[in-house]
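Some notes on the structure that comes next.
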Amino acid sequence: MSNDSKRFPQYDELDLPKVADEVLKQWEAEDTFGQSLELRKDAPPFVFYEGPPSANGLPGIHHVMARAIKDIFCRYQTQKGHRVDRKAGWDTHGLPIELGVEKELGITKEDIGKKISIEEYNAACKKAVMRYTDVWNDMTRRIGFWLDLEKPYVTYHTKYIESVWHLLKKLYDEDLLYKGYTIQPYSPAAGTGLSSHELNQPGTYKPVKDTSAVALFKVKPDHTSEFLFKDAFGDVFIMAWTTTPWTLPSNTALTVGPKLDYVRVKTFNPYTHEPQTVVLAKSRLSAYFKEESKDASFDEYKKDGKLIPWQIIGEFYGHQLEGVRYEQLLPYATPEGGDAFKVIGGDFVTTEDGTGVVHTAPSFGADDQRVARQHNIGSLTLVDLRGRFKPEVTDFAGEYVKAEYYTEEERAAEAKKQGRDKYLSVDERIAIKLKTEGRAFKVEKYEHNYPHCWRTDKPVLYYPLDSWFVRVTAKKDRLIALNKTITWKPESTGTGRFGNWLENLQDWNLSRSRYWGIPLPIWRTAGGDEELCIGSLKQLKEEIAKSVKAGVMAGDPYASFKADDMSDGNYDTVDLHRPYVDNIVLVSPSGKPMTRETDLIDVWFDSGAMPYAQWHYPFENAQYFPPSPQEKGSGVEGEKFPAAFIAEGVDQTRGWFYTLHAIATLTQDSVAYRTVVSNGLVLDKVGQKMSKRLGNAVDPFKTLDQYGADAVRWYMISNASPWDNLKFDADGITEVQRKFFRALFNTYNFFALYANIDGYVPAHTLSGVEGVSGVEGVSGTDGRTESDRWILSRLNSVMKLADANYADYEPTIAARAIQDFVVEDLSNWYVRLNRRRFWKGEMGADKNAAFQTLHRCLEVIAMLSAPIAPFFTDRLYRDLTGSSVHLSDWPKHDETLIDTELEQRTALAQKLTSLVLSIRKKEGHRVRQPLQKVLVPVTDNTMRTRLDAIRDLVLSEVNVKELVILDASESKLTKKIKPDFKKLGARMGKLMKSVAAAVQAFDQAQIAELEAQGSMKLSVEGHEVELLRDDVEISAEAVPGLSVASDGPYTVAVDITLTDELISEGIARELVSRIQTLRKESGFEVTDRVQLHIHAEGEQQVEQAVRRHAAYIVAETLALTPEDQLLVTGTTNGDNGLHEVELDERTRCLLSLVKAGN
RNA sequence: AGUCCUGUAGCUCAGCUGGUUAGAGCGCUACACUGAUAAUGUAGAGGUCCGCAGUUCAAAUCUGCGCAGGACUACCA
């Protein structure tokens, strides 16, 4: 409830969700966001990029976190005087959208083009992808994230795609885009390649039992392999293990670890019992040979496969095997494109399992392909796209390589064909074949995890598929060098996870065989010898025109599009998605038709291209970018490039963070962002990842409804650094609400209450007054007390610290400093100590200084907290100053107002106060009972000076009459001595332990001597060492005869003797307290005057107290009763409003209290 | 499997370049306070600083090896 008649609105209760709601409406009504941009329109830009979310899914609580972090720094930079444009964006392409649409329409990929046309399918995608934009926009608004939602960039817009095409062509022209093939996970049953995303679906990896075989590859004797044949026993074989025997016909190489140790072993074949010599890694011996039959007699071998004798007859390094040739194991076909059947070296070879020799089939393994390419080894692909052996593999032609690809019935039919009861897989039959031919060493079932297609539930094959690649490896050095100029928060993500990723860079596989995405703008002739990459719509139209002219195409499907017309209307006439582009056939210079490569590009390229594509660069807005190539990367900034700051989840490290970096490096030779904050995950309260499945996901809207955006944001930011995982616990939000916001709210309400009563008018200007804003004529430091100067000093310290930490992307440190200041310094200390100044007496210099000081503190706190808690602080700031905090200039701290000495001595006052209060507690004297004397022993002059300064403060706070400083030399004191380990340790080194013991054993006389002389010689372990006064801390320990408390170096003693006079005063205070409570309970206003009478009921002490302190009681309680009429003895003479109150356990009296009619 | 992060009181977190009583808030218990009061103060209980080893006069802090949780990348003969 606000009261409009008052200058400063007062509120009954703190309702953060309501405040947020009202402020949001106000922002929308006033377009505060727009104003904040307008205000800074000529200011230097602070460039921020919004990572596009996919509106295909609903936002979760982690998005609140992510968006809050982005908002904080954008707001901070705006307050600091920058123009911060914030364009929203939507990631609209990609597999999750396709899958969602398929689920919705009840179709599968196979149905596309059959049951449903590609046009219809794409239209459905376009619709589906923006389904939740309203929900997203609503959340974005409600958490207070200021973002231009009106003109977002959308990755499916024609302009966006055109910019992407431009980038692709740029890469193409610089030979950074090429066609090759990679081994990719492929589902023969579904007939499609699988993304790693699909492979990482839960339940994809399943334990399966496969037939594994150790095959024997027969070494060919030549000069390279000569050393293997020395004293050979039978033929010489290299042992290699495989869990996929069906790949053995496609074997073209064997890979060994160049640095590993290998041995040659003389033994018998366990199946044919023929003599043989085998080669394997030394550390794998135990897996295949029994220790007990080592060096057993070869003559006595029983040919039963048990206890086969064996003997090591040679040892050598892997690199010695490189180049050794062997006979093809299963000679069904001849490899193409390179050498084959040779031993090569590869770093990836381990000796954890297998034989230390890797059977290498370049068509069916990513490692295999890579190592084969390095050594120019050809490949064999003897399996077709449906997962069946090709005809060349005569024994198994047409058979599925995995038994799982057959249905039950088919398997039974196959078994019949094989003439067996049970179907034997090709793996099993290849193993049998190897056994009979003497080419197997060990065949067994092996259980391991193998990926399955999430859709068909059948095992995946790794299969060579055509792909387009970005040759990022060509720019690896620049990628690494530029990364070193980026500020990563936290740093370890940049150097570690991201840095290592760059060090092990692979070319970027851009191809996706899908429907809903940006088409690759490359057209090729059937033979692939002529090729064209399109970089703009204009160029495309020109090529179409040529094609039409050559009679290849009938007409221009984009005829309505006018090149060079940049209007949205013009661009809306064109759709560059499939299938439209697929229908375009261009003509090559030699006159052959060229069709588009059917691939789409990786959606990561879409989002990585956003710095340019969001502005339709370079077709429009080229002025936003660094002006010339010479200036690129030379520190010259464009208006919109690169970003000063981006932030997303740490899971984007190899996603968006990488694609931005890669594209900027390759096309601009520049970083895309100067600072990146990678925020952690939001987990549930027990540290589990949130998921719908576990039902522990937190609904962001409910959370915002319940607590308000400010509390949620403050909780998230103050609780843990953005990059640490956050264990989200709603109790934590309640705590933030109670502590920080309520303290701030109460402090403001307190200020408003008295400021309104006294008609306080802040002399406020919008131009950002430094220091204290004051009333006309009462300027500057007039009337400022020690505690005013103290809180202003603390305030300026916090301003300095908060500014430095916001600037350094450390919002958590800033938030905690602000919160501590508000809760501890401002609310619990300053306001509590200075309450009287606000409500006692008329407006004067002292009172004005108090108002000024508190007003300034509140106003600055609103500004400092505004980036994190934008709603509540805006309300607070408007209440204080009449304008929006988001249009304010960041307050600059004033170094001259920071007085560390003052801060330290106030800390001392707080410490001493706490000690005295603890003595009161121990002795059972409540604070209202005045005590006579407190004694504080002092050991140095600094402390003495400080004590003098804070004397009054401490005395009034603990309600004691006098403070006595005890000199160190006073004999009553016993002292304690403690070595300063840091100082002494450095000098004493190994002697430290003994020196410390010696010092701690000092008696009072020795301590006194050290204090008097300033130094002392000690003899320790036969060494003479010098001990200086500064090497130790001396503190007073106890004052005999008084009640004492101490903490660290501080000690206080309190004289607890109660005199008659002290007791009287205590009672007077109790009375005042009771009367004040009564005033309040009676519903009187703070300023109401009263008629007061006290019936002591014969209590002598009470009567005496009232007589002695009548003036005090009258003044404190705003009573109009003449002092001598205050005490009413004996009877109750018909007074109305009589209240009995208890002063302590034994004493009670009656009070009558009536509002005075004035 | 690799890379990175985290591990301090029942809970959430501080503890800077190593320095001797390891802190705060919440929660719990007791007492007090009461013109800010769904606030506040004081006191108490509560710790193998994840474990082991090392460096050092001195390790929560530095090094190594593990363990647990998490993220990402890869998936293997």
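Here is the naming used below: chain letters follow the sequence lines, and residue numbers restart at 1 for every chain.
- For A:N719, the side-chain contact (heavy atoms from CB on, under 4.5 Å) partners two or more places apart in sequence, or in a different chain, are A:Y715, A:L726.
- To the nearest angstrom, C1' of B:C4 lies 15 Å from CD of A:E503.
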For nucleotides 38-46 of chain B, tabulate all protein N/O to nucleotide N/O atom pairs closer than 3.5 Å, reporting atom names and distance.
from	atom 1	to	atom 2	distance (Å)
B:G41	OP1	A:N828	ND2	3.3

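- Between the CG atom of A:N805 and the C1' atom of B:A14 there is a distance of 14 Å, rounded to whole Å.
- The NZ-C1' distance, from A:K727 to B:U12, rounds to 8 Å in whole Å.
- In this structure, A:R1074 atom CZ and B:C33 atom C1' are separated by 10 Å, rounded to whole Å.
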Under 3.5 Å, which protein N or O atoms sit close to an N or O of nucleotides 57-60 of chain B? Give each pair with its distance.
from	atom 1	to	atom 2	distance (Å)
B:C57	OP1	A:K990	NZ	2.6
B:C57	OP2	A:K990	NZ	3.1
B:C57	N1	A:G989	O	3.2

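- With a cut-off of 3.5 Å on both Watson-Crick or G-U wobble distances, the partner of B:C11 is given as B:G25.
- Taking the side chain of A:N500 as heavy atoms from C-beta on, and the options B:A36, B:G19, B:U3, the nearest nucleotide is B:U3.
- Annotation: side-chain contact (heavy atoms from CB on, under 4.5 Å) contacts of A:A815 (sequence neighbours excluded): A:W714, A:I717, A:S718, A:I868.
- Taking atom CD1 of residue A:I757 and atom P of nucleotide B:A36, one finds them 11 Å apart after rounding to whole Å.
- Distances shown here put a side-chain N or O of A:Y462 below 4.0 Å from the OP1 or OP2 atom of B:C76.
- Within the 4.0 angstrom heavy-atom criterion, only backbone atoms of the sugar-phosphate kind lie near A:Y754; the bases stay farther away.
- Remark: A:D210 engages A:V208, A:K402, A:H448 in a side-chain contact (heavy atoms from CB on, under 4.5 Å) (not counting sequence neighbours).
- The A:N725 side chain lies nearest to B:G70 when the options are B:G19, B:G70, B:C13.
- Sorted by first then second residue, the side chain to side chain donor-acceptor pair (under 3.5 Å) pairs that include residues 984-996 of chain A, not counting sequence neighbours, are A:R987-A:D1031, A:S994-A:E1021.
- The nearest whole Å value for the distance from the CD atom in A:E1070 to the C1' atom in B:C33 is 10 Å.
- Searching all strands for a Watson-Crick or G-U wobble partner of B:A45 with both distances below 3.5 Å returns nothing.
- When rounded to the nearest whole Å, the span between CG of A:N679 and P of B:C5 equals 17 Å.
- Nucleic acid contact class of A:T653 (heavy atoms, under 4.0 Å, all strands): none.
- Across the protein-nucleic acid pair, A:D724 atom CG and B:C4 atom P stand 17 Å apart, rounded to whole Å.
- When heavy atoms are screened at a 4.0 angstrom cut-off, A:K978 is found touching the sugar-phosphate backbone but no base atom.
- Taking every side-chain heavy atom of A:E735 into account, B:C26 is the closest of B:A14, B:U17, B:C26.
- Taking the six-membered ring where the residue is Trp, A:W488 and A:F498 present tilted rings, their angle falling between 30° and 60°.
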